[in-house]
Number of protein chains: 2
Amino acid sequence: MDLRDELRVDERLARRGFRFTPQRQQVYAVLLQQRDHPTAERVFIRAKRKMPEISMATVYNCLDALVKCEVARLVALERGAARFCPNMRPHGHFYCTVCERVFDVDLPAAPGIALPPGCRVERYELAIHGRCAACAPARPGRRGKRRSG
Amino acid sequence: MDLRDELRVDERLARRGFRFTPQRQQVYAVLLQQRDHPTAERVFIRAKRKMPEISMATVYNCLDALVKCEVARLVALERGAARFCPNMRPHGHFYCTVCERVFDVDLPAAPGIALPPGCRVERYELAIHGRCAACAPARPGRRGKRRSG
DNA sequence: TGTCTGGGTTAGAATTGTTCCAAGTATTGA
DNA sequence: TCAATACTTGGAACAATTCTAACCCAGACA
């Protein structure tokens with residue numbers, strides 16, 4: 001983990017009256033280590049490897065603190081478990097409906113959406129559902145190029 | 001409800017081996033009647049007014065059938081209950097974080113998003129979180145009222 | 001040093017939203 | 001008419017999340 005990031009996280013938590021406890025450090029490290037948008041349960045499993053005593057309730061608590069301090073994002077792509085993502089730059093998500101993997105995608109500079117008048121935007125969430133490169137050829141739908149391998 | 005719409009829904013269901021039962025008609029009518037993106041529970045409450053015997057399981061069944069036949073959309077804007085929407089034209093959603101109301105918004109013609117190569121898009125979901133006109137002037141705190149019904 | 005205060009952690013209970021199930025009902029086709 | 005099949009129902013089961021009560025620990029202060 002980048003030390004400057006850790007310092008910034010520490011500060012960000014402190015500013016809101018949260019402590020950067022060993023559990024929160026571990027949960028944040030898990031998010032940074034493998035950026036595959038894990039669910040809370042998956043974070044729990046990974047965090048347990050180095051911290052076997054950690055509980056699910058604590059993982060939820062830590063994720064909640066990280067999200068509140070804008071150090072991680074909660075991503076709700078489908079029904080079922082929420083996913084978490086330490087990438088705080090504006091971005092959208094590509095969700096593969098076959099393998100359920102999630103990829104970050106850049107957002108266009110100017111979305112140019114006509115909002116109801118008077119609205120104040122806090123954030124955008126763009127989710128794109130489809131098939132990733134690995135899964136696209138799998139089930140032949142319309143015409144697609146066939147790849148060997 | 002527009003008769004042509006109803007006929008089309010009937011057909012669409014039939015094409016997939018579903019029947020347009022009185023319960024499904026009622027659930028669909030509820031969606032058309034008040035386009036405020038109700039949750040399944042809210043649909044249940046509204047459907048009961050004209051059909052007191054209807055059960056929650058049936059409401060879920062009906063909503064599921066309508067979504068499968070592409071007559072309604074399931075909208076997952078936040079954690080918690082899914083919402084339903086009979087507007088099948090491409091559009092996004094503005095979600096007011098204060099009053100929790102949802103508004104349809106038009107999408108820009110060309111989204112222009114750089115996807116990972118080889119991806120095949122099935123659908124976009126754009127969610128914009130913020131404050132609606134009624135809630136925007138409020139200071140961070142609770143204002144705005146949720147409508148009952 | 002002891003103790004007070006307040007956030008943090010834990011296991012497990014509770015809650016919420018959804019799906020599953022078994023039994024009975026309605027509709028369709030032979 | 002009978003059989004096959006889809007549908008509805010209430011309630012059980014389930015998954016994800018939140019809540020609760022007990023205990024823990026760091027820092028402030030006497």
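Chain letters run A, B, ... following the sequence lines, proteins first, then strands; residues in each count from 1. Since the structure is predicted, the reported quantities are computational estimates derived from the model, not experimental observations.
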K.L.:
So what does A/T21 hit on the nucleic acid, given a heavy-atom distance under 4.0 Å: a base, only sugar-phosphate, or nothing?
P.N.:
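Counting heavy atoms under 4.0 Å across all strands, the contact made by A/T21 is with sugar-phosphate only.
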K.L.:
In whole Å, I'd like the distance from the CG atom of B/L74 to the C1' atom of C/dT18.
P.N.:
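Going from CG in B/L74 over to C1' in C/dT18 covers 11 Å.
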K.L.:
Go nucleotide by nucleotide along DNA chain C from the 5' end; which of A/I54 and B/A82 gets its closest nucleotide reached first?
P.N.:
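Checking each residue's closest nucleotide, the 5'-ward one belongs to A/I54.
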K.L.:
Do any side-chain nitrogens or oxygens of A/S55 fall under 4.0 Å of OP1 or OP2 in C/dT10?
P.N.:
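Looking at the OP1 and OP2 atoms of C/dT10, one of them is under 4.0 Å from a side-chain N or O of A/S55.
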K.L.:
Kindly say whether B/K68 contributes a backbone atom to a donor-acceptor pair with the side chain of B/R16 at under 3.5 angstrom?
P.N.:
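Confirmed, B/R16 side chain pairs with B/K68 backbone.
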K.L.:
Is the phosphate of C/dA26 approached by B/R19 (side-chain N or O, under 4.0 Å from OP1 or OP2)?
P.N.:
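Answer is no, no contact under 4.0 Å.
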K.L.:
May I ask you to say what B/A57 touches in the nucleic acid, namely base, sugar-phosphate or nothing, with a heavy-atom cut-off under 4.0 Å?
P.N.:
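The residue B/A57 makes base contact.
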K.L.:
Between D/dC7 atom P and B/Q25 atom CD, what is the distance in whole Å?
P.N.:
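Those two atoms, CD and P, are 13 Å apart.
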K.L.:
I want to confirm an ordering. Mapping A/D64 and B/M51 to their closest nucleotides on DNA chain D, which one lands closer to the 5' end?
P.N.:
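Taking each residue's closest nucleotide, the earlier one in sequence belongs to B/M51.
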K.L.:
Which residue is it: B/R83, B/H129, B/R101, B/E78? I am looking for the one with a side chain to side chain donor-acceptor pair (under 3.5 Å) to B/Y95.
P.N.:
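Result: among B/R83, B/H129, B/R101, B/E78, B/E78 is the only option passing the side chain to side chain donor-acceptor pair (under 3.5 Å) with B/Y95.
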K.L.:
Mind calculating the distance between CD (B/E53) and C1' (D/dG11) to the nearest angstrom?
P.N.:
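Distance check: B/E53 CD to D/dG11 C1' gives 16 Å.
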K.L.:
Write down the distance between CG (A/L63) and P (D/dT17), rounded to a whole number of angstrom.
P.N.:
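It works out to 10 Å between those atoms.
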K.L.:
Look at B/Q23 and C/dA26 and indicate whether a side-chain polar atom (N or O) is within less than 4.0 Å of OP1 or OP2.
P.N.:
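Answer is no, no contact under 4.0 Å.
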K.L.:
Where the side chain of A/A81 is concerned, which of D/dT17, C/dT18, D/dC7 is the nearest nucleotide?
P.N.:
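Between D/dT17, C/dT18, D/dC7, the one nearest the side chain of A/A81 would be D/dT17.
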K.L.:
Over 60° means perpendicular and under 30° means parallel, so classify the ring planes of B/Y28 and B/F20, tilted if in between.
P.N.:
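Judged by the thresholds at 30° and 60°, the geometry between B/F20 and B/Y28 is perpendicular.
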K.L.:
Can you tell me the distance, in whole Å, between the CZ atom of A/F18 and the C1' atom of C/dG6?
P.N.:
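Distance, rounded to whole Å: 13 Å.
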K.L.:
Pairing donors with acceptors under 3.5 angstrom, does anything connect the side chains of A/R73 and A/H93?
P.N.:
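Not at all, the side chains of A/R73 and A/H93 share no donor-acceptor pair under 3.5 Å.
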K.L.:
Could you tell me how far apart A/R24 (CZ) and C/dT10 (C1') are, to the nearest whole angstrom?
P.N.:
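In whole Å, C/dT10 C1' and A/R24 CZ are 14 Å from each other.
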K.L.:
How close or far is atom C1' of C/dG6 from atom CG of A/L13, stated in whole angstroms?
P.N.:
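So the CG-C1' distance, A/L13 to C/dG6, works out to 17 Å.
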K.L.:
Quick one: is A/R79 getting a side-chain N or O under 4.0 Å of the C/dT19 phosphate, OP1 or OP2?
P.N.:
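Checking C/dT19 against A/R79, a side-chain N or O does come within under 4.0 Å of OP1 or OP2.
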K.L.:
Do the side-chain N or O atoms of A/Y60 get closer than 4.0 angstrom to the phosphate oxygens (OP1, OP2) of D/dT18?
P.N.:
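A/Y60 to D/dT18 OP1/OP2: no side-chain N or O under 4.0 Å.
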K.L.:
Please work out if B/E41 contacts a base, only the sugar-phosphate, or nothing of the nucleic acid, heavy-atom cut-off 4.0 Å.
P.N.:
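Result for B/E41 = nothing.
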K.L.:
Measure CG/B/N61 against C1'/C/dT18 and give the value in whole Å, please.
P.N.:
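Interatomic distance, CG of B/N61 to C1' of C/dT18: 13 Å.
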K.L.:
Can you tell me how far the CG atom of B/L66 sits from the CZ atom of B/F84, to the nearest 0.5 Å?
P.N.:
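Result: 9.5 Å between the selected atoms.
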